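Report on one structure; see the data block that follows.
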Amino acid sequence: MRELLIDGLDEGYLRKAWHGPTLRGALRGVTADQALLRPAQNRHNIWELTLHCAYWKYVVRRRLSGERRGAFARSGSNWFALPEPTPRAWRADLQLLADEHRALRETVASLSEARVKRAVRLIRGVAYHDVYHAGQVQLLKKLAVGR
């Protein structure tokens, strides 16, 4: 079961999947300027979605490990103020997402089989979360082309 769940995490974020681009695939090639574009006022942009996904990987990892609430790389929760928008900051936040994915994957790999069975919905949920937001990123990229 553990291997299937890890495979699902990777299919939502990391590698080629039957459903289309993974979250990482959807983000590939997006520039900092493109990541900042909003489809409308008070709507999230790609950069915000990227940090949001990194945060929820962190939260799920913390819940799985039983780790007390620590400090995510950004202050706040769920939706975050963006850093000074530079290409370097964008690359750093893409790396944050990759690092959180790797840490989550390692945590799932280290769980006992009993713990994995109790956490199936949580682990699947974070994989589905990536797929959902990958679709949003794809739509936002298409909207940006028309601008």
Side-chain angles (χ1 to χ4, degrees), residues 1-40 43-74 76-80 82-83 85 87-146:
M1 180 176 302
R2 176 184 299 114
E3 291 307 316
L4 282 174
L5 291 170
I6 291 171
D7 188 58
L9 288 172
D10 286 347
E11 193 171 344
Y13 171 73
L14 189 60
R15 64 175 184 350
K16 189 173 183 175
W18 69 268
H19 54 74
T22 62
L23 181 56
R24 186 174 131 193
L27 292 168
R28 186 175 293 116
V30 173
T31 67
D33 288 340
Q34 292 167 332
L36 291 168
L37 294 175
R38 291 190 188 285
R43 297 293 180 237
H44 295 294
N45 60 34
I46 291 172
W47 201 322
E48 290 166 333
L49 292 171
T50 299
L51 288 172
H52 170 78
C53 289
Y55 174 74
W56 283 102
K57 287 175 183 289
Y58 159 81
V59 169
V60 169
R61 175 175 52 85
R62 189 175 44 76
R63 288 180 185 170
L64 290 172
S65 68
E67 182 182 323
R68 296 181 80 173
R69 185 169 184 176
F72 181 63
R74 300 280 183 276
S77 64
N78 204 18
W79 299 104
F80 300 88
L82 296 179
R88 184 177 188 173
W90 172 234
R91 286 190 305 274
D93 284 340
L94 288 171
Q95 186 61 54
L96 173 62
L97 177 62
D99 292 345
E100 288 297 340
H101 180 79
R102 185 175 47 259
L104 173 61
R105 194 179 191 286
E106 289 169 0
T107 297
V108 173
S110 73
L111 296 175
S112 70
E113 196 61 36
R115 182 69 182 110
V116 168
K117 286 180 182 177
R118 288 193 311 272
V120 167
R121 291 183 69 194
L122 185 62
I123 298 166
R124 281 191 333 213
V126 76
Y128 299 158
H129 187 249
D130 278 356
V131 173
Y132 172 77
H133 287 303
Q136 286 184 312
V137 168
Q138 289 295 95
L139 288 172
L140 288 170
K141 286 170 32 180
K142 294 219 183 284
L143 286 171
V145 170

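Note that this is a predicted model, so its numbers are computed, not measured.
- Contact annotation: the side chain of Leu49 approaches that of Leu140 to within less than 4.5 Å [non-hydrogen atoms, C-beta and beyond].
- The side-chain heavy atoms of Asn45 and Glu48, taken from C-beta on, include a pair separated by under 4.5 Å.
- A salt bridge does not link Glu106 with Arg61: every distance from a Lys NZ or Arg NE/NH1/NH2 to an Asp or Glu carboxylate oxygen is 4.0 Å or more.
- In this structure, the side chains of Thr50 and Leu94 come closer than 4.5 Å at one or more pairs of heavy atoms.
- A salt bridge does not link Arg24 to Asp130: none of the charged nitrogens lies less than 4.0 Å from a carboxylate oxygen.
- Here the straight-line distance linking atom CZ of Phe80 with atom CZ of Phe72 works out to 5.0 Å at 0.5 Å rounding.
- Glu113 is linked by a salt bridge (Lys or Arg N to Asp or Glu O under 4.0 Å) to Arg2, counting only residues two or more places apart in sequence or in another chain.
- Two residues are said to be in side-chain contact when any heavy atoms from C-beta on lie closer than 4.5 Å; Leu104 and Val126 meet this criterion.
- The closest donor-acceptor contact from the side chain of Glu100 to the backbone of Leu97 lies at 3.5 Å or more, if one exists at all.
- The ring pair (Phe, Tyr, Trp, His ring centres under 6.0 Å) analysis of residues 88-112, with sequence neighbours excluded, yields the pairs Tyr13-His101, Trp47-Trp90.
- Between Met1 and Val120, some side-chain heavy-atom pair lies under the 4.5 Å cut-off.
- The ring of His52 has its center no closer than 6.0 angstrom to the ring center of His44.
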